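Heads up: numbering here begins at 1 and tracks the sequence. Computed from a prediction, not measured in an experiment: that's the story for all the values here.
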Amino acid sequence: VDFLSINKKEALDIAVLLKIKGKSMQQIAEYLIKSGVRAVLITDGERGAQYFDQDMNHRQAAKKVIAVNTTGAGDAFNSGFLAGYLHYDYDIKRAMELGVNNSAAVIQTMGAHQGSLTTKNLY
């Protein structure tokens, strides 16, 4: 697995199932990385998201917006992150920023796709 993207609740559920000692997002991510996952992304709603790999830990603050509907927020984050990762030549920080920006754009509208950013938003 190159990227495992989960939300905070899922991370805590995984910690219980795998009997991971410690419940911090970093401890959970470190366990998953030692188990073979290359990188772990953990989203946490209005608190933003974190990225972990063997060499890096990056926290990206959420964009402050008024949420109309959170349907599709995680998918929007993941698609924004992946688009940014590829478009910005594997720059994790810019990819994380695009992920939270795409998620923020989607939650300001009704439905899971409305508001998604397009390539014109990359520049």
Undergrad: Minimum heavy-atom separation for Asn102 to Gly80, with atom names?
TA: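 Answer, listing the atom of Asn102 first, then Gly80: ND2-N, 3.8 Å.
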
Undergrad: Which heavy atom in Val65 sits nearest to a heavy atom in Gln108, and how many Å separate them?
TA: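 Closest heavy-atom pair between Val65 and Gln108: CG1-NE2, 3.4 Å.
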
Undergrad: Starting from Tyr51, can I reach Phe77 by hopping between I/L/V/M/F/W/Y residues whose side chains sit under 4.5 Å apart?
TA: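 As far as the 4.5 Å side-chain criterion goes, Tyr51 and Phe77 are connected within one cluster.
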
Undergrad: Does the side chain to side chain contact (heavy atoms under 4.5 Å, CB included) test come out yes or no for Lys8 and Thr43, once each step is laid out?
TA: CA-CA 6 Å; Lys8 185 175 181 179; Thr43 58; over 6 Å; no

Undergrad: Taking the side chain as every heavy atom from C-beta outward, state whether Lys93 and Met56 have any pair of such atoms under 4.5 Å apart.
TA: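 The answer is yes; the side chains approach within 4.5 Å.
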
Undergrad: When rounded to the nearest 0.5 angstrom, what distance separates CD1 in Ile14 from CG in Leu4?
TA: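 Between atom CD1 of Ile14 and atom CG of Leu4 there are 6.0 Å.
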
Undergrad: So which heavy atom on Val106 is nearest to which on Thr71, and how close?
TA: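 Looks like CG1-O, 3.9 Å.
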
Undergrad: Looking at Asp44 and Arg47, would you say the former's side chain and the latter's main chain have a donor-acceptor pair under 3.5 Å?
TA: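 Answer holds: no.
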
Undergrad: How long is the span from the CZ atom in Arg59 to the CD atom in Gln50, to the nearest 0.5 Å?
TA: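 So the CZ of Arg59 and the CD of Gln50 are separated by 3.5 Å.
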
Undergrad: Between Ile33 and Asp53, which heavy-atom pair has the shortest distance, and what is it?
TA: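 Shortest heavy-atom separation between Ile33 and Asp53 comes out as CD1-CA, 3.6 Å.
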
Undergrad: Any link between Val68 and Val100 through a network of hydrophobic side chains (Ile, Leu, Val, Met, Phe, Trp, Tyr) touching at under 4.5 Å?
TA: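 No, Val68 does not connect to Val100 through the hydrophobic network.
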
Undergrad: Does Ile42 reach the side chain of Glu10, with side-chain heavy atoms less than 4.5 Å apart?
TA: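 Answer no - side chains too far apart.
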
Undergrad: Could you check whether any side-chain heavy atom of Ile107 comes within less than 4.5 Å of a side-chain heavy atom of Asn69, counting everything from C-beta outward?
TA: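 They are not in side-chain contact.
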
Undergrad: Using every non-hydrogen atom in the two residues, find where Met96 and Gln60 come nearest and quote the distance to one decimal.
TA: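 Heavy atoms only, the tightest pair is O-CG, 3.7 Å.
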
Undergrad: Sequence neighbours excluded, which residues qualify as side chain to side chain contact (heavy atoms under 4.5 Å, CB included) partners of Tyr85?
TA: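 Side chain to side chain contact (heavy atoms under 4.5 Å, CB included) list for Tyr85, sorted by chain: Phe3, Arg38, Phe81, Tyr90, Ile92, Ala95.
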
Undergrad: Between Phe52 and Gln26, which heavy-atom pair has the shortest distance, and what is it?
TA: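 Nearest pair, atom of Phe52 first, then Gln26: CE2-CA, 3.6 Å.
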
Undergrad: Ser5 side chain to Asn78 main-chain N or O, any donor-acceptor pair under 3.5 Å?
TA: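 No, the answer is negative, given that no donor and acceptor are paired below the 3.5 Å cut-off.
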
Undergrad: State, yes or no, whether a side-chain contact exists between Leu41 and Ile6 at a heavy-atom distance under 4.5 Å.
TA: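 With C-beta onward as the side chain, the pair stays apart.
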
Undergrad: Could you check whether any side-chain N or O of Gln27 sits under 3.5 Å from a backbone N or O of Lys23, counting only pairs where one atom can act as donor and the other as acceptor?
TA: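 A pair under 3.5 Å: yes.
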
Undergrad: With a sphere of 6.0 Å drawn around CG of Leu17, does it hold more than 12 non-hydrogen atoms of other residues, nucleotides or ligands?
TA: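 Result for CG/Leu17: enclosed.
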
Undergrad: Quick check: do Ile28 and Leu12 have side-chain heavy atoms less than 4.5 Å from each other?
TA: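 Side-chain contact under 4.5 Å: yes.
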
Undergrad: Got a donor-acceptor contact below 3.5 angstrom from the Ser103 side chain to the Gly99 backbone?
TA: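 Side chain of Ser103 to backbone of Gly99: no pair is present.
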
